[in-house]
Protein chains: 2
Amino acid sequence: MSLSHALLGLLAERPASGYDLVKRFDQSLAAVWPATQSQVYTELNRLADGGLITVVAEGPRGRKEYTTTPAGLTELRRWLTETRPRPERRNEQMLGVFLLGALSHEEAVAYLTNVESGAVAEAAQLAALRDETEWDDSPGSVYGRLVLEWGIRVTEIRRDWARWAVGQVKVRAASISEGVPDEPGPW
Amino acid sequence: MSLSHALLGLLAERPASGYDLVKRFDQSLAAVWPATQSQVYTELNRLADGGLITVVAEGPRGRKEYTTTPAGLTELRRWLTETRPRPERRNEQMLGVFLLGALSHEEAVAYLTNVESGAVAEAAQLAALRDETEWDDSPGSVYGRLVLEWGIRVTEIRRDWARWAVGQVKVRAASISEGVPDEPGPW
DNA sequence: TGAACCATGTAAACAGTTACATGATTAA
DNA sequence: TTAATCATGTAACTGTTTACATGGTTCA
């Protein structure tokens, strides 16, 4: 399961509590593997039961700091080197595009325009994050930077694709209404 | 739920049985919204119970052909026009990249090289599909074509990104071992 | 002393996967 | 007559989301 490996990886970098981890999921990791508070705490207990992580410190308010055990690190490394994840596909936005035949051309264009403006906004946000973050040579920083760059590139091509797609739909709409134009030419 | 809307959309195009729909999921729709046989049949019964689809014909071997009802079409159109899906993020491959700090530089490079070769293979497959399919002006064809183009573009930038990322990791590896080179220069 | 934040947990519902089970029809 | 294909369904499990529940600590 990916969530457990995400936790193993984060705890291998440095010890943290469930509370800390939830914040890291909300901030940096949300982009590739979102997880809720509920899931994180449940999974931490499961990993601790399995001996892949262990409590290294207890703090106020019942705070428990975990770290990855040698067994946990072995499992993480096995997962990273021996399994090849199929590139995850599930994309609700593109499913919508696939079903756009149920709408008028105008509505389809609106859908795609919405995809475009969403991409523009997100690209700006990600680029700002890239520019405002102080990157260093630590693994978390180097690989986090790679993932962020991936996010930026994907968002940019989503924007470009949406613009192209709008054009495609308009061409189709025009060619269909060719014989019966709404507005005849001036001659 | 997305699966139900996918089914509403497919059945709005033309009537089909569960068996037909499973095949369509495996073929064209797998790229954006995979679904299992088990899921499809269960969901069809749920949609029929809710009056969003209805049986229009029965065939041999208990075959039931469904079509989308007016209520179903309304719901589909509402979903397409009124909900704005957050661009789905969950990406196991990129989660792996994020956690690459648990591996050596060499292993990390191997991981990224694997991402690249996977993308190369997939891009070839998708481009072949694009070139071999006979596209027409039906909505299913037009919008299917848009989604396929999206898949091709994403795959191509995954390939390019992976090449760039390998370079980035090698630069880091080199700068870290700078003071202690394995192979000293010839002077 | 009250608001903001720190901190962990459980329950219920929903979504998705894997495996099993059954049987009809068609074509070699 | 038997293998391939058509066709539908259920059960058990795993993963994910939403909501609820509880209480400690810090700071203005």
Side-chain angles (χ1 to χ4, degrees), chain A residues 1-8 10-11 15-27 29-50 52-66 79 83 85-86 88-92 95, chain B residues 1-8 10-11 15-27 29-50 52-66 79 83 85-86 88-92 95:
Chain A
M1 209 234 306
S2 295
L3 173 62
S4 57
H5 295 100
L7 292 171
L8 290 175
L10 293 178
L11 292 174
S17 68
Y19 189 83
D20 299 335
L21 292 165
V22 168
K23 275 193 294 183
R24 294 198 60 189
F25 268 94
D26 286 346
Q27 286 159 18
L29 223 51
V32 292
W33 206 268
T36 61
Q37 176 259 37
S38 168
Q39 244 181 314
V40 169
Y41 283 108
T42 307
E43 191 60 33
L44 284 173
N45 282 321
R46 197 162 7 176
L47 288 169
D49 285 350
L52 300 181
I53 64 175
T54 185
V55 175
V56 280
E58 305 208 12
R61 286 164 292 210
R63 176 187 172 92
K64 285 182 284 184
E65 276 194 357
Y66 295 91
W79 184 71
T83 67
R86 51 233 149 145
E88 189 58 53
R89 306 169 171 297
R90 205 154 261 152
N91 186 330
E92 204 172 347
L95 172 61
Chain B
M1 208 231 308
S2 295
L3 174 61
S4 57
H5 295 102
L7 292 171
L8 289 175
L10 293 177
L11 292 175
S17 68
Y19 190 84
D20 299 334
L21 292 165
V22 168
K23 274 192 294 182
R24 294 199 59 192
F25 268 94
D26 286 347
Q27 287 159 14
L29 223 51
V32 290
W33 207 268
T36 61
Q37 176 261 37
S38 167
Q39 246 181 315
V40 169
Y41 282 108
T42 306
E43 192 58 34
L44 283 174
N45 283 322
R46 197 162 6 177
L47 288 170
D49 285 349
L52 300 181
I53 64 174
T54 185
V55 175
V56 280
E58 305 207 14
R61 285 165 292 212
R63 177 187 172 92
K64 285 182 286 185
E65 278 193 354
Y66 295 91
W79 183 72
T83 67
R86 53 238 147 140
E88 189 58 52
R89 307 170 170 297
R90 204 155 260 151
N91 186 329
E92 203 171 349
L95 173 61

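Below, chain A is the first sequence line, B the second, and so on; all start at residue 1.
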J.: When you check the gap from the basic side-chain N to the acidic O, do B/E65 and B/R63 get nearer than 4.0 Å?
T.: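 A salt bridge links B/E65 with B/R63.
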
J.: Expressed in angstrom and rounded to an integer, what is the separation of B/M1 atom CE from D/dT16 atom C1'?
T.: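 B/M1 atom CE is separated from D/dT16 atom C1' by 14 Å.
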
J.: Atom CD of B/Q37 and atom P of D/dA7: how far apart are they, to the nearest Å?
T.: 13 Å

J.: OH of A/Y41 versus C1' of C/dC6: gap in Å, rounded?
T.: 8 Å

J.: Closest nucleotide of DNA chain D for A/A35 versus for A/G62: which of these residues is on the 5' side?
T.: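 That would be A/A35.
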
J.: OP1 or OP2 of D/dA7 versus the side-chain N and O atoms of B/K23: is any pair under 4.0 Å?
T.: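 Answer no for this pair, as no side-chain N or O of B/K23 is under 4.0 Å from OP1 or OP2.
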
J.: Separation of B/W33 atom CH2 from C/dG16 atom P, in whole Å?
T.: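 Rounded to the whole Å, the gap is 6 Å.
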
J.: Looking across every strand, which nucleic acid part, if any, lies under 4.0 Å from A/S38 by heavy atom: base, sugar-phosphate, or nothing?
T.: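 The residue A/S38 makes base contact.
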
J.: Starting at CG of B/N45 and ending at C1' of C/dA15, how long is that distance when rounded to a whole Å?
T.: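 Nearest whole value for this atom pair: 17 Å.
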
J.: Would you kindly give the CZ-to-P distance between A/R63 and C/dT8, to the nearest whole Å?
T.: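 Nearest whole value for this atom pair: 7 Å.
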
J.: Quick one: A/R46 CZ to D/dT16 C1', roughly how many Å, whole number?
T.: 11 Å

J.: Taking only the side-chain nitrogens and oxygens of A/R90, find out if one of them lies under 4.0 Å from OP1 or OP2 of D/dG15.
T.: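 For A/R90, the contact criterion (side-chain N or O under 4.0 Å from OP1 or OP2 of D/dG15) is not met.
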
J.: Does B/R90 make a cation-pi contact with A/W33 (under 6.0 Å, within 45 degrees of the axis)?
T.: yes

J.: Step by step, would you call B/L10 with B/D20 a side-chain contact (heavy atoms from CB on, under 4.5 Å)?
T.: CA-CA 10 Å; B/L10 293 177; B/D20 299 334; over 6 Å; no

J.: Take atom CD of B/E92 and atom C1' of D/dG15, then tell me their distance rounded to the nearest Å.
T.: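 About 12 Å, once rounded to whole Å.
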
J.: When rounded to the nearest 0.5 angstrom, what distance separates CZ in A/R24 from CG in A/D26?
T.: 12.0 Å

J.: Given that A/Q39 and A/R61 both sit by DNA chain C, which one's nearest nucleotide is further toward the 5' end?
T.: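 The residue closer to the strand's 5' end, by nearest nucleotide, is A/R61.
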
